[in-house]
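Convention: sequence-line order gives letters A, B, ...; per-chain numbering from 1. None of the values given here were measured: they were computed from a predicted structure.
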Number of protein chains: 2
Amino acid sequence: MISRSKQVDKQKDILAAALKLFTEYGFHGTPTSKIAQEAGVANGTLFHYYKTKDELIIALYADIKTKLSFCIDIKPNGQESIKDIARRNYISAINWSLENPSEFRFTQQFITSPYLALVPPQIQEQSSALLDLVKEGIRAKEIKVTPPEYVAELLNSHLSAVHQYLTRAKLSQARQKQVIADSFELLWKMLS
Amino acid sequence: MISRSKQVDKQKDILAAALKLFTEYGFHGTPTSKIAQEAGVANGTLFHYYKTKDELIIALYADIKTKLSFCIDIKPNGQESIKDIARRNYISAINWSLENPSEFRFTQQFITSPYLALVPPQIQEQSSALLDLVKEGIRAKEIKVTPPEYVAELLNSHLSAVHQYLTRAKLSQARQKQVIADSFELLWKMLS
DNA sequence: GTTTAGATCGACTAATCACTCTACAAAGAT
DNA sequence: ATCTTTGTAGAGTGATTAGTCGATCTAAAC
């Protein structure tokens, strides 16, 4: 067999269906039965993979986090300065969020909900790459603002803002690219 | 009778109870029966004031928005420059969010949820004061970044970031005040 | 004092939902 | 070929919940 085993496919289908319905109707607005239906599996199958609805929600969050982390690479690429590395990752992150609006929307909903408290620490911590980069920027005196946690917060929310703006204002491809490039310079001006 | 009429008190109690429980357990995690119980009223009373649970949730959002709008005043106070007005309102908003963490948390949860789409336009629009100030700043060439919607988005998310950071890092009163003042200068540096 | 309109109560209901259970199918392993 | 494990199905269930309803209370109006 060339394709992956059936199990994995169904599991992916369930996550995809859950993502779609959660972003459209919210957590409480989407019953597990609808998720199973949308995924094309039986109700019992869903509970074979995820013991509870909460577990499914958290697994979906973890899955999205993992996918996003593949876009982030803080290792220098040739002779990159810290600013270059930051720019490259900033642009990757924005593009990912624009290409995966459901994932972005779900994450926003999730992290502002009480579900966040249920996430196991090891999953929550795995995104320290950003923090490491900020720390290095501060050490190298390219970033003047401290502490790193504060900078990371400013950075994250800046990304959200740009995503939000670009989603609402439907700009041409070229104009959008320009706004992204400019917004990074704006951010960097603030931090350096 | 010195106090307000009973109706108003009960209605306020219901909103307060809903706010408390929603931020703790989420929308779907808090049944209307628990809200009534927490508010010290009967189940039927809740539905006397709000025809549905959704209506209650939206009313709570509108109520919070109104309360916040009382903190915002974009009319010049004496010889204030636009930057001064912006600073004054920025600091008011941050302080309000720190003094009313539940309201802030609820709002964050609400605006990232599908409930936002259910809000009647006239309630949603009432916060154009911020946008007006930004437009004036741009016209007066004190703000270099455009368009106004983009600036407003950056501003809002900046406020969230500072709130988030200050809530997590428990700083002394004085240090906190310093961070707030500095963060406004940071923001202004970015925009001007 | 009587009327009237709204406020309050809490038992009740109809529907829904998360989750279980059992039967069966598929596919390896030996 | 037989056994074992794992996946899949879908009807079923017990608990929960949003919302209803009619009775009672309150207080203001006349």
Side-chain angles (χ1 to χ4, degrees), chain A residues 1-61 63 106 109-110 113-115 117-118, chain B residues 1-61 63 106 109-110 113-115 117-118:
Chain A
M1 240 212 269
I2 295 168
S3 71
R4 301 220 200 189
S5 66
K6 279 200 179 154
Q7 306 86 289
V8 173
D9 285 344
K10 297 227 165 184
Q11 212 167 349
K12 280 166 90 173
D13 289 346
I14 291 168
L15 287 181
L19 176 62
K20 179 185 168 186
L21 295 173
F22 284 151
T23 52
E24 193 163 356
Y25 304 109
F27 300 129
H28 103 276
T30 67
T32 54
S33 56
K34 285 265 168 54
I35 297 171
Q37 192 184 326
E38 171 85 21
V41 304
N43 214 306
T45 305
L46 189 154
F47 285 96
H48 174 70
Y49 290 109
Y50 305 99
K51 281 196 279 289
T52 66
K53 187 181 181 181
D54 281 7
E55 194 179 304
L56 166 64
I57 293 172
I58 291 165
L60 181 54
Y61 174 68
D63 183 58
F106 173 85
Q109 241 175 283
F110 184 90
S113 80
Y115 283 111
L118 304 177
Chain B
M1 238 212 269
I2 295 167
S3 71
R4 302 219 203 189
S5 68
K6 277 198 178 157
Q7 305 88 288
V8 173
D9 285 343
K10 296 227 167 184
Q11 211 168 350
K12 281 167 88 173
D13 290 346
I14 291 168
L15 286 181
L19 176 61
K20 179 184 169 186
L21 295 174
F22 284 150
T23 52
E24 192 164 356
Y25 304 109
F27 301 130
H28 102 277
T30 68
T32 53
S33 56
K34 285 264 167 57
I35 296 171
Q37 192 184 328
E38 171 84 21
V41 305
N43 215 304
T45 305
L46 189 155
F47 285 96
H48 174 70
Y49 289 110
Y50 306 99
K51 279 196 279 291
T52 64
K53 187 181 180 181
D54 282 6
E55 194 179 304
L56 165 63
I57 292 173
I58 291 166
L60 180 54
Y61 174 67
D63 183 59
F106 173 85
Q109 242 175 283
F110 185 90
S113 80
Y115 283 110
L118 305 177

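As rounded to whole Å, 18 Å separates atom P of dC19(C) from atom OH of Y49(A). Atom CD1 of I14(A) is separated from atom C1' of dA9(D) by 12 Å (rounded to the nearest Å). With rounding to whole Å, L56(A) atom CG is found 15 Å from dC17(C) atom P. Regarding D9(A), its CG atom lies at a distance of 13 Å from the P atom of dA27(C), rounded to whole Å. Here dT16(C) presents its P atom at 14 Å from CD of Q37(A), a figure rounded to the nearest Å. The distance between atom CD1 of I35(A) and atom C1' of dC17(C), rounded to the nearest whole Å, is 12 Å.
When all heavy atoms of Q109(B) and G26(B) are compared, the pair lying nearest together is NE2-CA, 3.7 Å.
Sorted by first and then second residue, the pairs that involve residues 29-40 of chain B and meet side-chain hydrogen bond (donor to acceptor under 3.5 Å, both in side chains), not counting sequence neighbours, are K20(B)-E38(B). Residue pairs meeting the salt bridge (charged side-chain N to carboxylate O under 4.0 Å, His left out) criterion with at least one partner in residues 45-59 of chain B, sequence neighbours excluded, are absent.
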Quiz: residues 40-48 of chain B side-chain donor-acceptor pairs under 3.5 angstrom, not counting sequence neighbours:
none

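Residue Y50(A) places no side-chain N or O under 4.0 Å from the OP1 or OP2 atom of dA18(C). Within the structure, every side-chain polar atom (N or O) of T45(B) is placed at least 4.0 Å from both OP1 and OP2 of dA7(C). Checking the phosphate oxygens (OP1, OP2) of dA26(C), no side-chain nitrogen or oxygen of K10(A) falls inside 4.0 Å. For the OP1/OP2 pair of dA7(C) and a distance below 4.0 Å, the side-chain nitrogens and oxygens of H48(B) include at least one atom meeting the criterion.
Here the NE2 atom belonging to H28(B) is positioned 13.5 Å from the OG atom belonging to S113(B), to the nearest 0.5 angstrom. Taking CD1 from I14(B) and CG from L56(B), the interatomic distance works out to 7.5 Å, rounded to the nearest 0.5 Å.
Residues meeting the side-chain contact (heavy atoms from CB on, under 4.5 Å) test with A59(B), sequence neighbours left out: Y50(B). With sequence neighbours left out, the side-chain contact (heavy atoms from CB on, under 4.5 Å) criterion links F106(A) to L19(A), F22(A), T23(A), F27(A), I57(A), L60(A), Y61(A), I64(A), F110(A).
Closest approach to the A42(A) side chain among dT8(D), dA9(D), dT8(C) is made by dA9(D) (side chain taken as heavy atoms from C-beta onward).
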In B/S/- notation (B base, S sugar-phosphate only, - none; protein heavy atoms under 4.0 Å), nucleotides 17-23 of chain D written 5' to 3' is SSBB---

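Note on the helix from dG1(C)-dC30(D) to dT30(C)-dA1(D): terminal axis deviation equals 10°, with five pairs used at each end and the result rounded to 10°.
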